[in-house]
Protein chains: 2
Amino acid sequence: MASLPEPLQALILAFERLPGIGPKTASRLAFYMLRQPEEISKTLAEALLAVKTATAMCPICFNYTVVGQAMCEVCADSRRDDSLLCVVEEPLDVLVLERTGGYQGRYHVLHGVLSPIEGVGPDQLKIRPLLERVKAKPPREIILATNPSMEGDATALYLRQQMAPLGLRITRLARGLPVGSDLEYADQNTLLRALAGRQEL
Amino acid sequence: MASLPEPLQALILAFERLPGIGPKTASRLAFYMLRQPEEISKTLAEALLAVKTATAMCPICFNYTVVGQAMCEVCADSRRDDSLLCVVEEPLDVLVLERTGGYQGRYHVLHGVLSPIEGVGPDQLKIRPLLERVKAKPPREIILATNPSMEGDATALYLRQQMAPLGLRITRLARGLPVGSDLEYADQNTLLRALAGRQEL
């Protein structure tokens, strides 16, 4: 691109490496940065530089926490319900569930799903610490909240099998039509699940 | 968000300030940064910090250029066609036109459009330098390539009026159906323009 000064080109390329950001969006973002007061790009740059060094993993649930703290805020919160344990794939899933305000139990983050094709087995995930945690202090119920995808289902089945000897209640999030959606646009699998899981009105 | 460490929250907020990036995408990007090697966030941070100080405006066409250069690469390129001058709203428009590979003339960047509602008059844009430039060295044709929007059209009309005494050929980009599109999805205005501008096959 002959018409682009190098520093601008470098910024576009850096934006392009982010997930879901293509060349067009990357250019738009880079040119936006040039139009705005320096403070906006500086704030983002500083946050980017700080995030890795200031963030650690909670040794109990493996969610992200601030460096130097013994455990994350959810694990440290004595008002949370110890009898419920929700197992999720990624730290972002904790955020999403917290935003609903509808869950008051504890979490465990696997940091991925089983995927033989990509070489991800149980040892690449936080499965062993989960089993140890559950054995040491069994909750009343374990919610396997991995994604409703092929890998998420397989991971949930594997975990159920591993935890079967413990005799705990093991659940999975409900599947069906998204709230506010339209039957017409639902895919076949979702519709089949919604039918199978239909409930008394 | 009780479950989010502060540095991560700061990064999400910084991403949210970018155009077209809502809270969900901002969270996704911030968590992605944590999963990736530090080099990715560092590259982006450094590009963000460098871009403002290393980029200047070309004193001829007002496109972005590298600090310390007398003019931008397009203005400095003696192979470009001096008889064509394309007037655009933003530096990004130069990039978009350059990517087509179909234009070999010169550019002039207005840095905005006339918008009385937002208090943008001719003096807030690079209109005076454009008129001086055109008077000093009149091109054969001026392409007013502001956007096909209300403000873009008004700005083009204003410029035509200002340049009328110079007796130059003044053109505007064609309007019609986008290539590869479907009549069915075209809006009424575009369809009317496509009809009015129909051409002999």
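Naming: A, B, ... by sequence-line order, numbering from 1 per chain.
- Interface check for chain B: of the options A/Gly20, A/Ala45, A/Cys58, A/Ala10, the most heavy-atom pairs under 4.5 Å are formed by A/Ala45.
- Using a 4.5 Å cut-off between heavy atoms, B/Leu34 contacts chain A through both its backbone and its side chain.
- Among A/Ala14, A/Pro19, A/Ala54, A/Ser27, the residue making the largest number of heavy-atom pairs under 4.5 Å with chain B is A/Pro19.
- Neither the backbone nor the side chain of B/Glu16 comes within contact range of chain A; no heavy atoms are under 4.5 Å apart.
- Contacts between B/Glu90 and chain A at a heavy-atom distance below 4.5 Å involve the side chain alone, from C-beta outward.
- Across B/Lys42, B/Gln36, B/Glu46, B/Gln69, the residue that shares the most heavy-atom pairs under 4.5 angstrom with chain A is B/Gln36.
- Taking CG of A/Leu48 as the reference point, atom CG of B/Leu44 lies at 5.0 Å (rounded to 0.5 Å).
- For B/Arg160, the CZ atom counts as loosely surrounded, since its 6.0 Å shell holds 12 or fewer non-hydrogen atoms of other residues, nucleotides or ligands.
- B/Arg17 and A/Tyr32 get closest at one heavy-atom pair: O-OH, 3.6 Å.
- When each of B/Leu18, B/Leu8, B/Thr43 is scored by its heavy-atom pairs under 4.5 Å with chain A, the top score falls to B/Leu18.
- The greatest number of non-hydrogen atom pairs below 4.5 Å with chain A, out of B/Glu39, B/Lys24, B/His111, is found for B/Glu39.
- Atoms OH and CZ, from B/Tyr64 and A/Arg35 in turn, are 6.5 Å apart once rounded to the nearest 0.5 Å.
- The two residues A/Phe31 and B/Pro91 come nearest to each other via the heavy atoms CE2-CB, 3.4 Å.
- The minimum heavy-atom distance between B/Glu6 and A/Val66, with the atom names listed, is N-CG2, 4.0 Å.
- At a threshold of 4.5 Å between non-hydrogen side-chain atoms, the residues B/Leu4 and A/Val94 do not count as touching.
- Atom CD in B/Glu38 sits 8.0 Å away from atom CG in A/Leu49 (nearest 0.5 Å).
- Note on B/Thr25, B/Val96, B/Thr53, B/Thr55: by heavy-atom pairs under 4.5 Å with chain A, the leading option is B/Thr55.
- For the pair A/Ser41 and B/Lys52, the tightest heavy-atom approach, listed with the atom from each and the gap, is OG-CG, 4.3 Å.
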